[in-house]
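Data block below; observations after.
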Amino acid sequence: MDGPRIALNKLLETMTPDRHSLDSGFFRRHATDVAQNLIGVRLTVDGVGGVIVETEAYDRTDPASHAFRGPTLANAVMFGPPAHAYVYHSYGIHWCLNFVCGPELGAAVLIRALEPTDGVEIMSARRRTTDPLKLCAGPGRLCQALAITRASHNGLPLDEPPFALSRARSAGNVASGRRIGITKGAETPWRFGLAGSPYLSRPF
DNA sequence: GTATCGATGATCT
DNA sequence: GATCATCGATACC
């Protein structure tokens, strides 16, 4: 009889309280688990941010991952403890934010899109647009909106200011698909997001 | 609406 | 010298 169990799980999921910090073991799991469970989590940096609606998982066995070729100075944070921020510079122009995951070394989740909720005016000024659909839809845009750079945020723990993470709502209907913008490992369906959300960088 | 392309610089080969 | 986990502008349907 799975019916009652499924109903109970759904109930427990919707009862997940707001303003509740993530469990200390949250990031000590494989990046694919973390990536799915981050959907619906509120992320703020110095009080500015929103609810995560899109993520991608990368691990050390994955040719698309920065960790694939082993540790270097640039990716060292990926080989450190989980629940820390790994920030990298993309295409010479943008910053991108990842959350380091465990249990194995060299895994992380790329935060690709937020539904803007906190400090929308500040984000609009930083992004030079008031269109809420373009504030945090994409990893580079998101970092611009939250003022994330490697110099100020790479390697910082996620359970202390300026970061704040808490579950805003249940993960909801999580869709998955191919990751965006990669050539190697492109078939691996490790992109996750809130199905139907208008705040995605791209639909699923 | 979708497709393509240039910007731009750190990192690694 | 090549690569790149992107974005925004432009061109064309």
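Per chain, numbering begins at 1; letters A, B, ... match sequence-line order.
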Tell whether His66(A) reaches the base of dA5(C) with its side chain through a donor-acceptor pair below 3.5 angstrom. yes
Rounded distance (Å) that lies between atom P of dT6(C) and atom CG of Asn98(A): 11 Å
Length of the CZ-P vector between Arg202(A) and dA3(B), whole Å: 9 Å
Contact under 4.0 Å: Arg69(A) side-chain N or O vs dC4(C) OP1/OP2: no
Tell me if the side-chain of Tyr91(A) makes a donor-acceptor pair with the base of dA7(B), cut-off 3.5 Å, by modelled atom types. no
Would you kindly say whether Glu54(A) and Ser201(A) are connected by a side-chain donor-acceptor distance under 3.5 Å? yes
Generate the contact string for nucleotides 7-13 of chain C. Rules: B means base contact, S means sugar-phosphate contact only, - means no protein heavy atom under 4.0 Å. SS-----
Roughly, in whole Å, what's the span from OH in Tyr88(A) to P in dT3(C)? 18 Å
Is Tyr58(A) stacked on the base of dA5(C) when the test is centres under 5.5 angstrom and planes under 30 degrees? yes
Less than 3.5 Å apart, any donor N or O on the side chain of Thr129(A) or Asp131(A) sitting next to an acceptor on the other? no
Taking the six-membered ring of Phe204(A) as reference, does the NZ or CZ atom of Arg191(A) fall below 6.0 Å from its centre and within a 45° cone about the axis? yes
Pairing stems for DNA chain C [at least three consecutive pairs; Watson-Crick or G-U; under 3.5 angstrom]: B:1-7 with C:6-12, B:9-12 with C:1-4
Euclidean distance, atom CD1 of residue Ile182(A) to atom C1' of dC4(C) [Å, nearest integer]: 12 Å
dA5(C), OP1 or OP2 - any side-chain N/O from Lys184(A) closer than 4.0 Å? no
Could you tell me whether Ala64(A) contacts a base, only the sugar-phosphate backbone, or nothing, with contacts defined as non-hydrogen atoms closer than 4.0 Å? base
Go through the steps for Arg42(A) and Asp118(A) under the test salt bridge (Lys or Arg N to Asp or Glu O under 4.0 Å), then give the verdict. CA-CA 9 Å; Arg42(A) 184 185 312 277; Asp118(A) 294 68; 3.0 Å; yes
Do other residues, nucleotides or ligands put more than 12 heavy atoms under 6.0 Å from Arg28(A) CZ? no
For Arg169(A), is there an ion pair with Glu115(A) - N to carboxylate O distance below 4.0 angstrom? yes
Reckon Thr72(A) has a side-chain N or O less than 4.0 Å from the OP1 or OP2 of dT11(B)? no
Just checking Tyr88(A) against His66(A), ring centres under 6.0 Å apart? yes
What integer distance in Å separates Ile180(A):CD1 from dA3(B):P? 14 Å
Could you tell me if the ring centre of Phe27(A) sits under 6.0 Å from that of His84(A)? no
Arg150(A) near the nucleic acid: base, sugar-phosphate alone, or nothing, with a heavy-atom cut-off under 4.0 Å? sugar-phosphate
Assess whether salt bridge (Lys or Arg N to Asp or Glu O under 4.0 Å) is satisfied between Arg179(A) and Glu56(A), documenting all intermediate values. CA-CA 7 Å; Arg179(A) 295 171 296 181; Glu56(A) 284 177 359; 5.4 Å; no
His89(A) meets the ring-ring contact (aromatic ring centres under 6.0 Å, His included) criterion, sequence neighbours left out, with Trp95(A)
Rounded interatomic separation in angstrom, taking CH2 from Trp95(A) and P from dA5(C): 16 Å
Whichever of Gly92(A) and Asn75(A) has the more 5' nearest nucleotide on DNA chain B, that residue is Gly92(A)
